[in-house]
Amino acid sequence: MTAGKGVTVRVPAKVNLDLSVGATVEGYHQLSTVFHAVDLVDEVTVRRARSWGVTVTGPYADKVPTDSSNLALRAAQLMYDRYNGHCGITMWPVQIRIDKSIPVAGGMAGGSADAAATLMAVNELFDVQIEMVELLEIAAELGSDVPFALVGGTALGSNRGDELLPVLTTAKYDWVFAIHDEGLSTPTVFAKFDELSPEAADRTPVPNEKLLAALRSGHPADLAPAIHNDLQEPAIALLPRLQETLAGGIAAGALAAFVSGSGPTVAFLVEDRRGALDLMVALNAAAVADAVVSASSHPGGARVVSPK
Ligand code: C5P
């Protein structure tokens with residue numbers, strides 16, 4: 001057996017433009033959420049090997065676990081357990097390399113994106129030939145945000161966030177993200193939400209129609225007032241310095257400032273590319289984050305880039 005060149009998949013990060021939280025069912029909160037992909041991208045390369053392993057490069061590499069808790073590794077092993085030896089398919093352990101640009105534990109689904117990319121890469125590498133609908137089912141077993149990373153673009157998520165419907169929009173927005181060195185754990189933020197909003201236990205979250213209409217119009221000024229995140233308040237309660245980051249962005253001219261998913265990354269919507277550059281300069285000068293990056297909306301999801 002030779003190691004071979006492997007398969008490389010590029011996968012974007014996400015923000016939630018709406019995140020409405022309701023009752024808890026079997027340990028998971030019912031959600032209505034609008035996922036939106038942005039072009040902060042991880043690149044995942046999967047090669048067949050004699051043993052399982054994962055290596056990570058890039059600015060956030062030291063924060064990513066490389067043991068059996070790594071979600072990309074779990075994705076590869078799940079594919080192996082399910083398909084090796086079935087229907088004439090022969091699979092091998094794999095070595096996974098993740099070139100990481102998506103912040104870690106930042107509310108941008110970086111770990112989920114790597115898992116989705118790995119599912120797609122393994123499918124290609126061993127010619128497993130599973131269709132997207134089956135990949136989406138496996139993705140949902142790995143985590144609530146993994147299915148969206150496969151499809152990307154803009155999608156309405158329900159149930160745990162894993163049941164997706166496409167949202168019709170061709171709009172492309174410009175974004176700035178303020179990154180914090182501290183991570184926030186998703187279960188901790190949901191637990192804080194339960195403490196702060198006990199009334200949500202009786203709520204069934206519904207799609208944010210105002211936001212969906214704004215996405216159809218495509219104007220950033222329409223989108224800004226419709227953005228909403230129920231997890232923002234608990235994220236701030238756990239990490240009060242986020243308040244300063246949010247206020248710093250609005251003071252510097254952002255159209256909207258909000259916590260991304262369960263945080264602590266703060267997302268800013270801006271008018272255009274020029275607005276993004278101006279905001280980055282202002283946020284850096286105000287020192288309200290540990291790092292600042294810009295991105296644009298991304299039309300797709302995980303995609304094989306090599307071999308083409
Ligand atoms: O699905 P995932 O493994 O990413 O979820 C991590 C944790 O986040 C869950 O164990 C749960 O505590 C919380 N969660 C939730 N409701 C959701 C999604 C996640 O409470 N819809």
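For ligands, and for the atoms within them, numbers begin at 1 and follow the listed sequence.
The nearest protein heavy atom to atom 13 (C) of ligand 1 is closer than 4.0 Å.
Counting only distance, with no hydrogens or angles, the side chain of T245 and the backbone of V288 share a donor-acceptor pair below 3.5 Å. No side-chain donor-acceptor contact under 3.5 Å links Q30 to the backbone of T204.
Between R160 and ligand 1, an N or O atom pair is found at a separation short of 3.5 Å.
Under the side chain to side chain contact (heavy atoms under 4.5 Å, CB included) rule, F268 has a single partner from V176, L255, D174, which is V176.
Among protein heavy atoms, atom 5 (O) of ligand 1 sits closest to Y28 CE2, 3.9 Å. Shortest contact from atom 7 (C) of ligand 1 to any protein heavy atom: P187 CG, 3.8 Å. With respect to atom 8 (O) of ligand 1, the closest heavy atom belonging to the protein is T186 CG2, 3.5 Å.
Of all the heavy atoms in F35 and G161, the pair that sits closest is CE1-O, 3.2 Å. For the residue pair V11 and A302, the shortest heavy atom distance occurs at CG2-CB, 3.9 Å.
No more than 12 heavy atoms of other residues, nucleotides or ligands shown are found within 6.0 angstrom of CZ on R303.
Within the 4.0 Å heavy-atom shell around ligand 1 one does not find D145.
Residue-ligand proximity, H29 to ligand 1, at heavy-atom distances under 4.0 Å covers atoms 15 (C), 16 (N), 17 (C), 20 (O), 21 (N). Heavy-atom proximity to L31, at under 4.0 Å, picks out these atoms of ligand 1: 21 (N).
Across G27, S144, A109, A140, heavy-atom proximity to atom 4 (O) of ligand 1 is greatest for S144.
By the criterion of a heavy-atom distance under 4.0 Å, the side chain of F190, and not its backbone, is placed next to ligand 1.
D272 meets the salt bridge (Lys or Arg N to Asp or Glu O under 4.0 Å) test with no other residue; sequence neighbours excluded.
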